Structure formats: structure tokens, C-alpha cells
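Following: one structure in C-alpha cells, then a few remarks.
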There are 2 protein chains.
Amino acid sequence: MHGNRLESHPPGAGLEPLPCTGARLRRLGRRTTVFYEQYLRPLGLRLTQYSVLVHLGSAPQALLELAERLEMDRTTLTRSLRPMIDRGWVVVSRGSDARLRLLSLSPDGLALRERARGQWARAQLALEAVLGREFTAQLNQALEEALARVKPALPEEN
Amino acid sequence: MHGNRLESHPPGAGLEPLPCTGARLRRLGRRTTVFYEQYLRPLGLRLTQYSVLVHLGSAPQALLELAERLEMDRTTLTRSLRPMIDRGWVVVSRGSDARLRLLSLSPDGLALRERARGQWARAQLALEAVLGREFTAQLNQALEEALARVKPALPEEN
DNA sequence: TCGATTTCCGTGCATATGCACCTTATAGCA
DNA sequence: TGCTATAAGGTGCATATGCACGGAAATCGA
């Protein structure tokens with residue numbers, strides 16, 4: 001194994017934990033969210049709404065399916081959609097299965113999505129300018145790797 | 001510079017942005033939050049409440065000062081504190097400056113903080129087991145570096 | 001075919017988040 | 001010593017988040 005030198009471990013306790021990874025993730029997440037939202041604000045979009053927009057299209061899609069792709073709680077998505085429906089960006093329809101709420105973008109929604117993508121690209125490039133292009137690529141890589149190892153919480157055992 | 005081969009760049013546009021760093025940060029942040037909260041649930045603590053707890057102590061501290069250390073919105077902290085005050089974990093007092101709300105932990109709060117720290121350590125070690133100890137250390141390092149480069153949003157220009 | 005089970009969703013409740021606006025208290029200055 | 005600027009904080013509003021509960025539609029087995 002690696003080292004495990006005898007140092008400040010309480011007797012009987014195992015390894016010392018590293019500094020809190022979750023706190024660092026959350027803190028950096030907050031800062032970058034603010035960063036991206038500066039660019040989305042002119043469009044009247046929150047970051048959550050943007051992520052919903054880019055996961056929608058002309059083809060109707062069930063709410064639960066969308067929630068899983070977004071890795072977002074089903075009920076959170078329900079409520080996040082409400083203002084987007086009210087503003088005419090998202091259209092709800094019904095198919096043969098009367099249980100499913102099928103979601104798609106209206107023409108307005110599609111147009112907004114394109115403008116939002118442009119703003120996102122500006123934000124991402126600006127972030128890369130701050131972090132350094134190479135470092136950003138490495139960070140993305142590390143985050144991908146971590147995402148592959150930390151699986152999303154599944155409802156019920158699967 | 002590095003490469004910059006002529007490829008799918010739209011004419012006139014600059015570099016292509018990398019895949020969305022913010023989305024990866026937010027997604028990994030959500031998953032790890034769920035991860036930590038599994039360990040805090042037995043204590044009836046949300047992760048936000050835990051982070052407030054560990055930034056408090058016996059010594060009274062002004063709300064705004066605490067908010068800045070937590071890098072949390074002042075008003076968010078006000079509301080996050082309410083249930084913790086109601087449950088007797090946090091005590092509010094007044095000093096010579098009548099504008100300041102001074103916060104400290106009650107004996108119950110101090111005891112809870114210690115139990116919560118133990119649960120946090122178990123969560124962190126479990127996360128390290130999932131990610132790999134070495135990789136976690138590298139990830140922490142990368143996050144620290146990113147935090148050093150992406151400064152927190154300041155209220156007004158400072 | 002009909003009753004039990006499963007699937008898809010919505011709502012109530014509690015907390016989280018941040019902005020705009022307001023009140024109160026202190027500090028600074030003429 | 002007042003008057004004004006500034007600092008600390010609360011509340012309203014809108015959105016975000018997830019759990020528990022409940023309802024309605026589809027599925028499946030006897």
C-alpha cells in the first residue's frame with residue numbers, strides 16, 4: 001500500500017480523512033454558477049432553466065425521462081418547468097399513455113435555446129480564460145473520472 | 001501556443017469552448033452532497049446546517065462575518081439559522097454594537113457538532129474509498145487550484 | 001375481465017438560494 | 001450636536017431541492 005506512516009491517528013482509528021472534498025466541490029460549484037449566470041441573466045434565464053432548455057427539443061419527451069437525463073429530482077423538474085411553460089417556452093402534450101406528460105420546446109423556446117447556447121459558449125470561454133485552457137481541460141477530465149466512480153443515487157435498490 | 005489546428009471553428013469565431021465545466025461541477029456536487037447527507041441524516045442534519053455548525057463555536061460571531069466565511073448569502077444564512085435556533089443549537093446574543101446579531105453554539109450545539117464531525121469523517125473516508133485515496137487527493141488539489149483562480153463574487157466593487 | 005400492483009405525476013412541507021427593498025443603528029463630519 | 005452616509009440585518013418574492021403522501025392510468029396475473 002501507500003505509506004500509512006504512524007502519525008497523528010487516534011489509537012484504534014483508521015486513516016485520517018482528507019480535507020472535505022464535498023465542501024470544495026460545492027464552493028467551486030457556487031462560484032462557477034454565479035459566473036455562468038452573469039452571461040444568462042440578459043436572457044432572463046437561471047442556470048437550472050438553461051440546463052432544462054438544452055435537454056429539450058422539438059421531439060416530445062416524458063417528464064421522468066427528462067428528469068433522469070438531467071439527474072434532477074422529478075418533483076423539482078415539475079416545478080422548474082412551470083415558469084418555462086407559463087412563458088411559452090415549453091409545451092406539454094399527451095400521447096397514447098395518458099400518464100405521461102410529454103414535453104417539447106415551442107418555436108420561442110427553440111429560439112431562446114439558441115441564444116442561450118451562444119451565451120453559454122461565451123461564459124465557458126471566459127471561464128477557461130480565468131482557469132487556463134489546459135487546466136480547465138484537466139479539471140473536466142478529473143470531474144468526468146469522479147462522476148464515473150461516484151454513481152448517482154438511485155431511487156430504491158436497482 | 002498549443003496546437004490550435006484549423007478544424008471545426010466557425011469562420012470568425014475564436015476557439016471552441018470545452019464541454020461545460022459548470023455542469024460537471026454541479027452534477028458531481030449533487031452526487032457527493034447526497035453521499036455526505038446519508039451520514040448526516042441520523043443526526044437530523046442537512047449538509048448546509050452541518051457546514052454552519054462547523055463554522056460556529058463558543059465565541060460569539062456576527063452574522064455577516066459568518067456568512068462571509070461560509071461564502072453564503074447573508075439572507076440565506078439568516079433563514080438557515082432559524083431552525084437551528086429553534087432547536088436550541090445556536091444562541092443569538094447582542095454586543096455593544098446593537099446592529100450585530102452575535103451567534104454562538106449552545107452546549108447542545110457543541111455536542112451535536114462533535115457527533116456531526118464524526119459522521120463527516122466516516123462520509124469522507126467512504127468517499128475516498130469510492131474515488132480512491134490518491135485520486136481524491138488529486139481532485140482536492142485541482143479544486144483548490146480552481147478556487148484560487150475563480151474568485152468569489154463580491155458585493156459591489158471592492 | 002377484474003383486482004392487485006406498478007408506473008407516472010402532482011402537491012404539501014421544509015429547507016436552500018439570491019435579489020430588491022426596507023428599517024434601524026452606528027459613524028463621520030460640518 | 002445634528003445631519004447624512006454607511007453598515008447590519010430582516011422580509012417579500014421567485015426559484016430550487018427533495019421527501020412523504022396521494023391520485024390516476026396502465027399492466028399483469030388468476
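Worth saying up front: this structure is predicted, and the values here are computed from it rather than measured. Naming convention: chains lettered A, B, ... in sequence-line order (proteins, then strands); numbering from 1 in each chain.
The distance between atom CG of B:Leu70 and atom C1' of C:dA16, rounded to the nearest whole Å, is 13 Å. If you measure from atom CZ of A:Arg26 to atom P of D:dA16, you get 17 Å, rounded to the nearest angstrom. Following rounding to the nearest Å, A:Leu66 (CG) and C:dC8 (P) show an atom-to-atom distance of 14 Å. We find that CG of A:Asp73 is positioned 18 Å from P of C:dA14, with the value rounded to whole Å.
When the salt bridge (charged side-chain N to carboxylate O under 4.0 Å, His left out) test is applied to A:Arg87, no partner is found at least two apart in sequence or on another chain. Among residues two or more places apart in sequence or in another chain, the salt bridge (charged side-chain N to carboxylate O under 4.0 Å, His left out) test is passed with B:Glu65 by none. Under the side-chain hydrogen bond (donor to acceptor under 3.5 Å, both in side chains) criterion, A:Thr21 pairs with B:Gln124, B:Asn140, sequence neighbours left out. Looking at residues two or more places apart in sequence or on another chain, you find a side-chain hydrogen bond (donor to acceptor under 3.5 Å, both in side chains) between B:Asp97 and B:Arg99. Considering only residues two or more places apart in sequence or on other chains, A:Arg117 meets the salt bridge (charged side-chain N to carboxylate O under 4.0 Å, His left out) condition with A:Glu114. For A:Thr75, the side-chain hydrogen bond (donor to acceptor under 3.5 Å, both in side chains) test picks out A:Asp73, with sequence neighbours left out. With sequence neighbours excluded, no residue forms a salt bridge (charged side-chain N to carboxylate O under 4.0 Å, His left out) with A:Arg113.
A salt bridge does not link B:Glu68 with B:Arg74: none of the charged nitrogens is closer than 4.0 Å to a carboxylate oxygen.
Taking CH2 of A:Trp89 as the start and CD of A:Gln49 as the end, the distance is 5.5 Å to the nearest 0.5 Å. Residue A:Leu70 holds its CG atom at 5.0 Å from NE2 of A:His55, rounded to the nearest 0.5 Å.
Along DNA chain C, the nucleotide nearest A:Leu64 and the nucleotide nearest B:Glu71 are compared for position; the residue whose nucleotide lies closer to the 5' end is A:Leu64.
Residue A:Val34 belongs to no hydrophobic cluster, having no ILVMFWY side-chain heavy atom closer than 4.5 Å to its own.
Looking at residues 76-90 of chain B, you'll see B:Thr78, B:Arg79 sit with a heavy atom under 4.0 Å from some atom of DNA chain D. Contacts between residues 29-55 of chain B and DNA chain D, defined by a heavy-atom separation below 4.0 Å, involve no residue at all.
Residue side chain A:Thr75 does not reach the base of C:dC9 through any donor-acceptor N/O pair under 3.5 Å, judged by distance alone.
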Pull out every protein N or O sitting under 3.5 Å from an N or O of nucleotides 21-28 of chain C, one pair per line with the distance.
{"unit_1": "C:dT26", "atom_1": "OP1", "unit_2": "B:Ala98", "atom_2": "N", "d": "3.1"}

List, with names and distances, any nitrogen or oxygen atoms from the protein found under 3.5 Å away from nitrogen or oxygen atoms belonging to nucleotides 1-4 of chain C.
none

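Within 6.0 Å of the CZ atom in A:Arg69, the count of heavy atoms belonging to other residues, nucleotides or ligands exceeds 12.
Counting only distance, with no hydrogens or angles, the side chain of A:Arg30 and the backbone of B:Glu71 share a donor-acceptor pair below 3.5 Å.
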